[in-house]
There are 2 protein chains.
Amino acid sequence: MPDADRQAANFQRVREAHQTELAEDYVELIADLIDSTGEARATDVARRLGVAHPTVVKAIGRLQRDGLVESLPYRSIFLTETGRAMAERCKRRHEIVVGFLRKIGVDEETAERDAEGIEHHVSEMTLAAFERLIRSKPLG
Amino acid sequence: MPDADRQAANFQRVREAHQTELAEDYVELIADLIDSTGEARATDVARRLGVAHPTVVKAIGRLQRDGLVESLPYRSIFLTETGRAMAERCKRRHEIVVGFLRKIGVDEETAERDAEGIEHHVSEMTLAAFERLIRSKPLG
DNA sequence: TATAACGTGTAGTATAAGCTATAATTGTTG
DNA sequence: CAACAATTATAGCTTATACTACACGTTATA
């Protein structure tokens, strides 16, 4: 049953995506905070994510272990080169997903909401299809 | 900053979606196994998901606690009314997402792969937009 | 029918992600 | 410059999801 194997591989891929999902959300948010306010503080990240700050501290620890951010005790959070690159990739992808949803008639708020969940599971091929559609003539 | 609040709410929604995601995958898969082979065995579920069987056993326990499945020791797994309803909703949604991805030019395999991750994060509004697009004239 | 093979369950471990409560540090201000 | 407010860190707990290793039941067959 090769179908079952392929399905198992798909589920596995989704599980892997989940592991990077949080990292992506964090670096994207940290980049956003740095760009807009000059620095990323744990408290701000917590507020924006809607979680308690110790949760953020632990997550930052993991991100640091994985080479995505750098932080010193009682200082603000910085992105490494890798982290910054990931953030930019995510931001671009996020914008494409939102733009695409808007294009097919989803309202701004729903588009932002759905994109937050969808963006982590979009392959390059699908992303390219989204871009194609965005550039195409109006639908309807 | 109402923007920050809305963003926090969006992230919160995604985290909630994650909690139901696994349940959705399980019931959909169990329904599929029952319909195609007559029964759902833990081993088959494990193989299809690509995880070890104790993982499935624990998950089934949670699903049972949540009223989605019924199972007795050393017997196969059954869906409750609630579980069956969820499975059908998921199956329909899955098919719409795949159909939609195919329509915009994503190949079968990638569509299946991406849909597995995307489907859990698609609102009713977005789903409706997908359906509209599927029914529209060919793109390109 | 006894046993081997397979399926299922249990125990124990790890990691991630969340929380509350408490401690430590920093920075601001009286 | 001392004290207080705000931020950051730590400790300890919970749940979910994964794993391996081992024990127990069922089923099929020799």
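These numbers come from a predicted model, not from an experiment. Each chain gets a letter, A, B and so on, in the order the sequences are listed, and its residues count up from 1.
Spacing between atom CD1 of B:I77 and atom C1' of C:dG7 amounts to 12 Å, rounded to whole angstrom units. For B:L49 and D:dT17, the CG to P distance is 12 Å, given to the nearest whole Å. Distance A:E39 CD to D:dA6 P: 17 Å, rounded to the nearest Å.
Remark: side-chain polar atoms of B:R102 are paired, donor with acceptor, to backbone N or O of B:V106 under 3.5 angstrom. Between the side chain of B:R13 and the backbone N or O of A:D114 there is no donor-acceptor pair closer than 3.5 Å.
Taking a cutoff of 4.0 Å between a charged side-chain nitrogen and a carboxylate oxygen, A:E112 and B:R6 do not qualify as a salt bridge.
Stacking between B:H53 and the base of C:dT8 is present: ring centres sit under 5.5 Å apart and the planes differ by under 30 degrees.
Contact annotation: B:T43 reaches the phosphate of C:dT8 (side-chain N/O to OP1 or OP2, under 4.0 Å). A sub-4.0 Å separation between OP1 or OP2 of C:dC19 and a side-chain N or O of A:T55 is present. Proximity of A:R75 to the phosphate of D:dT8: no side-chain N or O atom is located under 4.0 Å from OP1 or OP2.
Note: A:H120 and A:H94 fail the aromatic proximity criterion, with ring centroids not under 6.0 Å apart.
Each of A:A52 and A:P73 lies near DNA chain C, and the nucleotide nearest A:A52 is the one positioned closer to the 5' end.
Atom-to-atom distance recorded for B:K58:NZ and B:T55:OG1 is 7.5 Å, nearest 0.5 angstrom.
Clustering of Ile, Leu, Val, Met, Phe, Trp and Tyr by side-chain heavy atoms under 4.5 Å joins B:V51 with A:F11, B:L22, B:Y26, B:V27, B:L29, B:I30, B:L33, B:I34, B:V45, B:L49, B:V56, B:I60, B:L63, B:L68, B:V69, B:I77, B:L79, B:M86.
Closest approach to the B:P54 side chain among D:dT7, C:dG7, D:dA21 is made by D:dA21 (side chain taken as heavy atoms from C-beta onward).
The shortest side-chain heavy-atom distance between A:I96 and A:E119 does not fall under the 4.5 Å cut-off.
Contacts of A:A42 with the nucleic acid, taken as non-hydrogen atoms under 4.0 Å apart, involve only primed sugar atoms and P, OP1 or OP2.
Contact check of residues 11-36 of chain B against DNA chain D (heavy atom, cut-off under 4.0 Å) returns B:L22. Contacts between residues 56-71 of chain A and DNA chain D, defined by a heavy-atom separation below 4.0 Å, involve A:V57, A:K58, listed by number.
More than 12 heavy-atom neighbours from other residues, nucleotides or ligands sit within 6.0 angstrom of NZ on A:K103. By the 6.0 Å contact criterion, CD on B:E108 is enclosed, its count of non-hydrogen atoms from other residues, nucleotides or ligands being greater than 12.
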